[in-house]
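All ligand and atom numbering here is 1-based and tracks the order in the structure.
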Amino acid sequence: MSELRGNVALVTGAGSGIGRAIALAFARQGARLGICDINEAGAAATVSQIEEIGAEAIAVSMDVADEAAVERGTEAVAARFGRIDTMVSNAGIQIVHPIEEFPYAEFRRMIDIHLGGAFLLTKACVRHMYPQRSGSLIYMGSVHSHRASPLKSAYVAAKHGILGLSRTMAIEGAKHNVRSNVICPGFVRTPLVDKQIPEQAEKLGISEADVIAKVMLKDTVDAEFTTPEDVADTAVFLAGFRSNAFTGQSITVSHGWHMG
Ligand code: NAD
């Protein structure tokens with residue numbers, strides 16, 4: 001398969017979890033990759049895995065909340081490969097508290113990484129996409145772009161905000177032949193989720209098994225976790241879509257949690 005041959009993709013948070021799975025799936029389809037992460041060792045490990053499958057990638061150290069780092073990193077990817085066709089704004093963290101205990105600094109950090117990071121990366125990438133007159137902007141939302149859960153005021157606010165940013169980019173990008181969409185996964189067993197299980201158990205006063213069964217997978221149709229590969233397949237579809245008919249949308253990949 002080579003659905004993305006010639007495609008240059010920049011993926012943030014690609015040193016772990018969903019971002020790494022997307023980068024590997026893109027590489028298998030023939031894309032060249034900018035692997036951006038604040039975790040340099042994680043990014044380097046993803047690059048090694050991509051090289052093992054015979055594709056090209058560079059590791060870029062990038063804190064997505066730092067404007068200068070985002071600009072520098074995006075330019076490094078464009079300089080290496082000559083263009084940027086696909087942006088995957090995926091880097092993220094999770095912090096959970098009831099609002100009365102939520103430190104404002106932690107709320108701000110969540111917004112800065114998820115929403116500020118998406119804004120900064122978009123700005124840096126469209127600088128290359130607009131003159132090329134092509135590009136695909138892909139944002140990592142969540143079922144929490146559409147639904148709310150307790151303890152997650154910052155995450156839910158940021159993930160809802162990403163829908164607004166992407167829809168605006170669908171309109172602004174259209175005249176430059178750039179499309180914009182959001183992927184909304186359900187719960188995926190990555191380090192981000194593994195960290196939350198004991199935290200939520202403590203804060204909600206329930207067992208870890210109940211966090212999985214009664215909180216995370218409660219509204220799925222089959223009590224299954226979504227996998228990083230499920231999300232990666234969705235990203236390949238969006239990156240490779242052959243026209244701009246598909247823009248301004250969000251795709252939920254969640255075993256049926258939130259149908260709509
Ligand atoms: P993960 O912890 O496995 O990976 C996140 C990556 O982002 C890590 O490599 C981390 O180093 C990087 N990162 C964190 N802060 C960064 C920063 N400031 N700058 C650059 N990189 C940074 O988590 P994941 O589950 O793969 O999450 C990836 C994305 O998917 C996030 O946006 C998350 O909100 C979203 N998401 C995850 C789930 C889930 O259940 N795991 C569900 C829906 C959406």
Side-chain angles (χ1 to χ4, degrees), residues 10-25 34-47 49 59-74 87-96 106 108-121 124 138-147 149 152 154-163 165-166 182-197 199-200 211-212 215-217 220 224-232 234-235 250-255 257-258:
L10 182 159
V11 186
T12 65
S16 176
I18 292 170
R20 173 177 287 167
I22 291 173
L24 288 167
I35 301 299
C36 306
D37 206 296
I38 199 167
N39 173 353
E40 293 178 15
T46 304
V47 168
Q49 291 181 32
V60 175
S61 173
M62 181 191 287
D63 175 354
V64 296
D66 174 345
E67 184 169 12
V70 172
E71 300 260 330
R72 221 174 22 248
T74 305
M87 175 202 86
V88 183
S89 175
N90 165 80
I93 60 168
Q94 180 59 283
I95 303 175
V96 295
E106 291 187 12
R108 290 290 300 268
R109 181 88 188 125
M110 286 287 287
I111 300 293
D112 282 352
I113 291 174
H114 285 276
L115 196 49
F119 169 83
L120 292 173
L121 191 70
I138 301 173
Y139 299 91
M140 198 51 62
S142 164
V143 167
H144 286 108
S145 298
H146 298 282
R147 302 276 288 261
S149 295
K152 294 191 172 171
Y155 190 76
V156 170
K159 291 301 193 190
H160 273 61
I162 281 169
L163 285 182
L165 174 63
S166 174
V182 183
I183 302 175
C184 296
F187 280 99
V188 181
R189 284 303 289 264
T190 65
L192 181 139
V193 160
D194 286 338
K195 170 176 166 284
Q196 281 175 65
I197 295 171
E199 287 175 2
Q200 290 212 28
V211 169
I212 293 174
V215 178
M216 294 183 164
L217 303 181
T220 60
E224 296 267 354
F225 277 100
T226 301
T227 66
E229 291 70 29
D230 295 327
V231 183
T234 313
S250 69
I251 306 184
T252 303
V253 50
S254 66
H255 286 264
W257 174 30
H258 179 71

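- Atom CD1 of Ile38 is separated from atom CD1 of Ile113 by 6.5 Å, given to the nearest 0.5 angstrom.
- Remark: His160 engages no residue in a ring-ring contact (aromatic ring centres under 6.0 Å, His included) (not counting sequence neighbours).
- Residues passing the side chain to side chain donor-acceptor pair (under 3.5 Å) test with Gln196 are Lys152, Gln200, sequence neighbours excluded.
- Within the 6.0 Å centre-distance limit, the rings of Trp257 and His144 are counted as a close aromatic pair.
- Listed by chain and number, Gly13, Gly15, Ser16, Gly17, Ile18, Asp37, Ile38, Asn39, Met62, Asp63, Val64, Asn90, Ala91, Gly92, Ile93, Ile113, His114, Met140, Gly141, Ser142, Tyr155, Lys159, Pro185, Gly186, Phe187, Val188, Thr190, Pro191, Leu192, Val193 each place a non-hydrogen atom less than 4.0 angstrom from ligand 1.
- For the side-chain contact (heavy atoms from CB on, under 4.5 Å) test, residues two or more places apart in sequence or in another chain that qualify with Ala41 are Asn39.
- Panel note: side chain His114, backbone Gly141; no donor-acceptor pair is recorded below 3.5 Å.
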